[in-house]
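Not measured: the values here are computed from a predicted model. In what follows, every chain begins at residue 1, and chains take the letters A, B, ... in the order their sequences are listed.
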Amino acid sequence: MSNWVIEKRPRLSQLTTLLSGPRLESFTMTNSPTRNEFSMHRWSELFIPTLREAPADAEVASHKFLVRAGYIRQLAAGIYSYLFLGNRSFNKIIGIVREEMDKIGQEFYLPALHPRELWEASGRWSVMGDALFRLKDRKGADLCLGMTEEEVMTDIARKELRSYKQLPQIWYQIQSKFRDEPRPKAGLLRVRQFMMKDSYSFDIDAAGLDVSYQKHYDAYRRIFDRCGLKYMIVEALSGAMGGSESHEFVVCTPAGEDLIVSCEKCNYAANMEKATSRLAAVEDLAPERDGKPLEVHTPGQKTIEDVARFLGVSPKNKIKTLALIVNEVDTKTGKPKARDLVVLLRGDHQLNEAKLSTALAGKESRPMQEDEIKQVFHSPAGFLGPLGLSNVAKTKNGVFGEGVILLVDKALEGRANLISGANKADYHLKNVTPGRDFEPTEYADLRSVNGGEECPNCGAPLRIDTAVEIGHIFKLGYKYSESMGARVLDRNGKEVTPIMGSYGIGIERILTAAVEQNNDENGFWLSPTVAPFEIVVTPTNVKDEKLMSTALKIARQLEKAGIDVLLDDRDERPGVKFKDADLVGIPFRVTVGKKVTEGTVEIVQRSTREIHDASIDAVAEYCQKLLRPAR
RNA sequence: CGGGGAGUGGCUCAGCCUGGUAGAGCACCUGGUUCGGGACCAGGGGGUCGGAGGUUCAAAUCCUCUCUCCCCGACCA
């Protein structure tokens, strides 16, 4: 019997003895250079259920390949099990995150199950709506599953932090998070349970927060670099409540759901919720007659395009009028109340709901119903405009006064002789000039950027890409520390509220993005730093003792060199083994085949398909050289 | 929540329209021949046809209800 059979891993019965015995610590399963013979990873003994075909319900590449490669299996909509390979890759990603985070902060492990009271203290019990998983315990008390851990972290801070001397603090954890997504999709891209690294910083002042923020910015770059991702850092919306700065780390891929605006020339990049652009000048129409608003008959012309065509003008000279209702809370009674909101945009522009929400200090809005429109405009939809609105609200110190809120996009500021609806069926108005014919409550940036518009920094054309968000950092400000009552004494013995930052990384999104970024028709490849194994050693025929002993020898050499190696010792035809090796994401393959008689084996790079011949004794050295750039 | 689609062996699917008691390919098990890109031959195991109710002598197939999954939209610090 050849020696490789003798050295097989112990059977389960032996294993039990080993695990209960004193050698427990030597039987670890991680990538350890001191691994013993027992821990050699042999494909024939592992559970790596590869599939020839993708499941019918998989659409995006990462979903298809992660299932086919035996990384994951679906348990329910948006809930996945990670099998052996998936978990290994996962743990490597987490390892990198942990190493880099440990350089700037301290790891905690917090509960996933939170009491209602905590989320009521921050106000998010009601704000989060259906996205929050809620449950009751046996006593009927309300609990929820954490989506993020601002509340828990801030709770610790408010109970423990007393003095400026204890600041700054950066606390992080790596934990399952739960979100009851209305529509989970695309495999691991949008799920209901996911692993997240989340960290929180507590500083005495804004300058301190800047430092904590920058530390995260730098750590995130190191993390994503080490994971081998090609990513972008873009400006993001910091939220309506007190936030001042925010960046998203994104990977561009058609499977993504975020829209990213970036400049082709300079380094300007922002997500759609935040992006702005410089607009090319538009020529205003010449005034007609006396230049005052003038009714024109426009029978049945309801859409912007209809009217523009009918009157022979560009949509850029038209005002788009949107009728909305804002949900407010009455400051006196504390009861919810609805308020009319009219938004004006240039005819060819689209409303950006995130920007609108910012302009409304975070309040939610919805389109008006037909009867509400009638009541406010005394006109059917399709012919709405700002003129004739009664009781338009004024702004005092940034606060809206009583009346209808009229928000006008900045692209309309300074324009003249525009066309708007006349608030009368089948009529529009010419010569409408903002500031003269009507006074807005406020001008604001409310529109979405279109591809091809000019970069706000340098004027070069902007492009729009879809992307996956893999990390997000932002300055929270005082939102949680204030509402939950975290206070410390400063240098002067005065009580102050610490300023916070919050920072997240989606662990499965790193894996997903990597697969999206690196795949072909046969499978995908990962950076050696996050691949479940760095090298797979593939003897083409396991019944050939010469091949098999050589393969085993090489695998041992590689392990001794500290390389994470998988030995494909299955009694399968070479084609099957090659196909599987191509599929499962391992970046290098050592093929032990017919060239062994000449004393060489092949080293195949999965990404490029480059083949290098190496002499059997020099394989380890060669592989180390290949792996070095990634490590 | 609105619209669309799909649930039949582990995977991909056929059968349903026109009811007669379930099939293919792959995977799996045994034996044999093979062995550098998902082999071949022979034999074999495996299915409450998503669930419940109804119609019928008889239901994967027709009817009603329901559950689940996928896609588009709404939604999404």
Side-chain angles (χ1 to χ4, degrees), chain A residues 47 49-60 63-64 67-68 70 73-80 119 122-124 127-132 146-151 177 179-187 189-192 194 196 198 200 236-243 246 248 257-259 271-274 353-354 357-358 362 364 366-367 469 472-477 479-480 500-504 506 521-523 538-544 547-548 568 570-584 589 591-596 601-602 604 609 611:
Chain A
F47 182 61
T50 58
L51 300 174
R52 196 181 286 237
E53 286 169 287
D57 52 18
E59 293 259 318
V60 299
H63 187 194
K64 287 180 186 167
V67 172
R68 281 191 57 200
R73 288 294 184 263
Q74 185 177 42
L75 182 64
I79 306 177
Y80 285 85
W119 282 67
S122 72
R124 292 209 294 176
V127 170
M128 290 327 310
D130 290 336
L132 190 63
M147 308 172 75
T148 56
E149 310 265 337
E150 276 86 354
E151 284 80 2
K177 300 291 187 305
R179 255 176 231 196
D180 195 356
E181 289 286 346
R183 190 149 93 80
K185 59 185 283 197
L189 230 39
R190 172 174 291 246
V191 287
R192 294 193 290 172
F194 55 99
M196 186 173 170
D198 51 319
Y200 305 87
L237 206 62
S238 47
M241 311 282 271
S246 173
E248 266 181 19
E257 300 186 289
D258 277 19
L259 290 175
N271 72 11
M272 187 55 90
E273 299 183 340
K274 165 95 179 184
E353 290 179 34
S357 170
T358 304
E364 287 183 19
R366 62 163 176 85
E469 177 185 356
H472 198 162
I473 58 178
F474 69 97
K475 297 182 178 176
L476 265 184
K479 181 179 175 186
Y480 295 89
M500 290 176 61
S502 132
Y503 319 86
E521 66 279 4
N522 293 311
T538 308
T540 54
N541 183 352
V542 298
K543 284 178 180 150
D544 182 324
L547 289 190
M548 197 55 216
D568 189 355
R570 294 175 301 167
D571 184 10
E572 291 285 355
R573 295 165 63 83
V576 173
K577 294 162 81 157
F578 293 156
K579 287 286 184 192
D580 270 346
D582 284 352
L583 175 62
V584 298
R589 183 180 83 213
T591 308
V592 182
K594 54 197 172 194
K595 288 181 189 163
V596 163
V601 293
E602 288 172 358
V604 186
R609 300 233 173 252
I611 299 175

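Between rU12(B) and rU56(B), the distance separating the two P atoms is 38 Å to the nearest Å. Nucleotides rA60(B) and rA6(B), compared at atom C1', are 15 Å apart to the nearest Å. On the C1' atoms, rC57(B) is 13 Å away from rU21(B), given to the nearest whole Å. The C1' atoms of rU55(B) and rU61(B) are separated by 13 Å, rounded to the nearest whole Å. Spacing between rC70(B) and rG50(B) at atom C1', rounded to whole Å, works out to 15 Å. Going from the C1' atom of rA52(B) to that of rC26(B) covers 34 Å, rounded to whole Å. For the C1' atom pair drawn from rU8(B) and rG25(B), the interatomic distance equals 15 Å after rounding to whole Å. Remark: the separation of the C1' atoms in rA14(B) and rC71(B) is 23 Å, to the nearest Å.
Residues Val191(A) and Glu181(A) approach most closely at O-CG, 3.6 Å, considering heavy atoms. Here the closest heavy-atom approach between residue Thr148(A) and residue Trp119(A) is recorded as O-CZ2, 3.7 Å. The minimum heavy-atom distance linking Asp180(A) with Asp130(A) is given by the pair CB-O, 3.4 Å. The shortest heavy-atom contact between Ala581(A) and Arg589(A) is CB-CD, 3.8 Å. Taking every heavy atom of both residues into account, Arg570(A) and Val576(A) meet most closely at NH2-O, 4.5 Å. For the residue pair Ser246(A) and His472(A), the shortest heavy atom distance occurs at OG-NE2, 2.7 Å.
In a base pair of the Watson-Crick type (N1 to N3 plus N6-O4 or O6-N4) or a G-U wobble (N1-O2 and O6-N3), with each distance short of 3.5 Å, rU34(B) is matched with no nucleotide. Across all strands shown, rC28(B) forms a Watson-Crick or G-U wobble pair with rG44(B), both key distances being under 3.5 Å. Under the Watson-Crick or G-U wobble criterion, with both distances below 3.5 Å, rG20(B) is paired with rC57(B). Summarising the base pairing, rC76(B) is matched to no nucleotide, lacking a Watson-Crick or G-U wobble pair whose two defining distances lie under 3.5 Å. Of all nucleotides present, only rU68(B) satisfies the Watson-Crick or G-U wobble test against rA6(B), with each distance under 3.5 Å.
Across all strands shown, Pro55(A) has heavy atoms under 4.0 Å from sugar-phosphate atoms exclusively, and none from any base. Here Ala54(A) lies in heavy-atom contact (under 4.0 Å) with sugar-phosphate atoms only. Residue contacts for Thr148(A): at a heavy-atom cut-off of 4.0 Å it reaches a base atom on one of the strands shown. Across all strands, Ala77(A) comes closer than 4.0 Å only to sugar-phosphate atoms, never to a base (heavy-atom distances). No engagement by Asn522(A) is indicated, since no non-hydrogen atom pair under 4.0 Å with the nucleic acid exists. Contacts of Pro539(A) with the nucleic acid, taken as non-hydrogen atoms under 4.0 Å apart, are absent. Glu248(A) comes within contact range of no nucleotide atom at all, as no heavy-atom separation falls under 4.0 Å. Nucleic acid contact for Ala186(A): sugar-phosphate only, since backbone atoms but no base atoms lie under 4.0 Å from a heavy atom of the residue.
Side-chain atoms of Arg589(A) come within donor-acceptor range of the base of rG37(B), with a qualifying N/O pair under 3.5 Å. Applying the 3.5 Å distance criterion, the base of rG36(B) shares a donor-acceptor pair with the side chain of Glu602(A). Interface remark: the Arg190(A) side chain does form a donor-acceptor pair with the rC76(B) base, using a distance-only criterion of under 3.5 Å. With hydrogens and angles ignored, no donor-acceptor pair under 3.5 angstrom links the side chain of Arg52(A) to the base of rU12(B). At a cut-off of 3.5 angstrom, counting only N and O atoms as typed in the model, there is a donor on one side and an acceptor on the other between the side-chain of Asp580(A) and the base of rG38(B).
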Check the pair Leu547(A), Val542(A) against side-chain contact (heavy atoms from CB on, under 4.5 Å), reporting the backbone distance first and the verdict last. CA-CA 7 Å; Leu547(A) 289 190; Val542(A) 298; over 6 Å; no
Evaluate the side-chain contact (heavy atoms from CB on, under 4.5 Å) criterion for residues Asp57(A) and Gln74(A): first the C-alpha distance (whole Å), next the side-chain angles of each, then the deciding distance (0.1 Å), finally the verdict. CA-CA 11 Å; Asp57(A) 52 18; Gln74(A) 185 177 42; 4.0 Å; yes
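Between the CZ atom of Phe578(A) and the P atom of rC35(B) there is a distance of 15 Å, given to the nearest Å. Atom pair Phe47(A):CZ and rA27(B):P shows a separation of 17 Å (rounding to whole Å applied). A straight line from CG of Asp544(A) to P of rU34(B) spans 15 Å, rounded to a whole angstrom. Put simply, CZ on Arg73(A) is 9 Å from C1' on rG10(B), counting in whole angstrom units. Put simply, CG on Asp571(A) is 11 Å from C1' on rU34(B), counting in whole angstrom units. Distance Glu59(A) CD to rA6(B) P: 15 Å, rounded to the nearest Å. With rounding to whole Å, Asp57(A) atom CG is found 16 Å from rC72(B) atom C1'. rC70(B) atom C1' lies 11 Å from atom NZ of Lys185(A), rounded to whole Å.
The side chain of Arg179(A) sits closest to rC76(B) out of rC76(B), rG36(B), rC35(B). Out of rU12(B), rU34(B), rG36(B), the shortest distance to the side chain of Thr540(A) is found at rG36(B). Closest approach to the His472(A) side chain among rA77(B), rC69(B), rC35(B) is made by rA77(B) (side chain taken as heavy atoms from C-beta onward). When each of rC72(B), rG36(B), rA77(B) is scored by its nearest atom to the side-chain atoms of Arg183(A), the top-ranked nucleotide is rC72(B). The side chain of Met196(A) has rA77(B) as its nearest neighbour among rA74(B), rA77(B), rG36(B). Each of rA77(B), rG73(B), rG37(B) was ranked by its minimum atom distance to the side chain of Arg609(A); first place goes to rG37(B). Taking the side chain of Lys543(A) as heavy atoms from C-beta on, and the options rG37(B), rC35(B), rC70(B), the nearest nucleotide is rC35(B). With rU12(B), rA39(B), rG36(B) as the candidates, the nucleotide lying closest to the side chain of Pro574(A) is rG36(B).
Toward the 5′ end of RNA chain B lies the nearest nucleotide of Thr591(A), the other residue of the pair Tyr80(A) and Thr591(A) mapping further downstream. Two residues, Glu149(A) and Ile611(A), neighbour RNA chain B, and the one matched to the more 5' nucleotide by heavy-atom proximity is Ile611(A).
Here Gln74(A) does not reach the OP1 or OP2 of rU68(B): none of its side-chain N or O atoms lies under 4.0 Å away.
Between Glu150(A) and Ser122(A), the side chains place no donor N or O within less than 3.5 Å of an acceptor N or O (distance only, hydrogens not considered).
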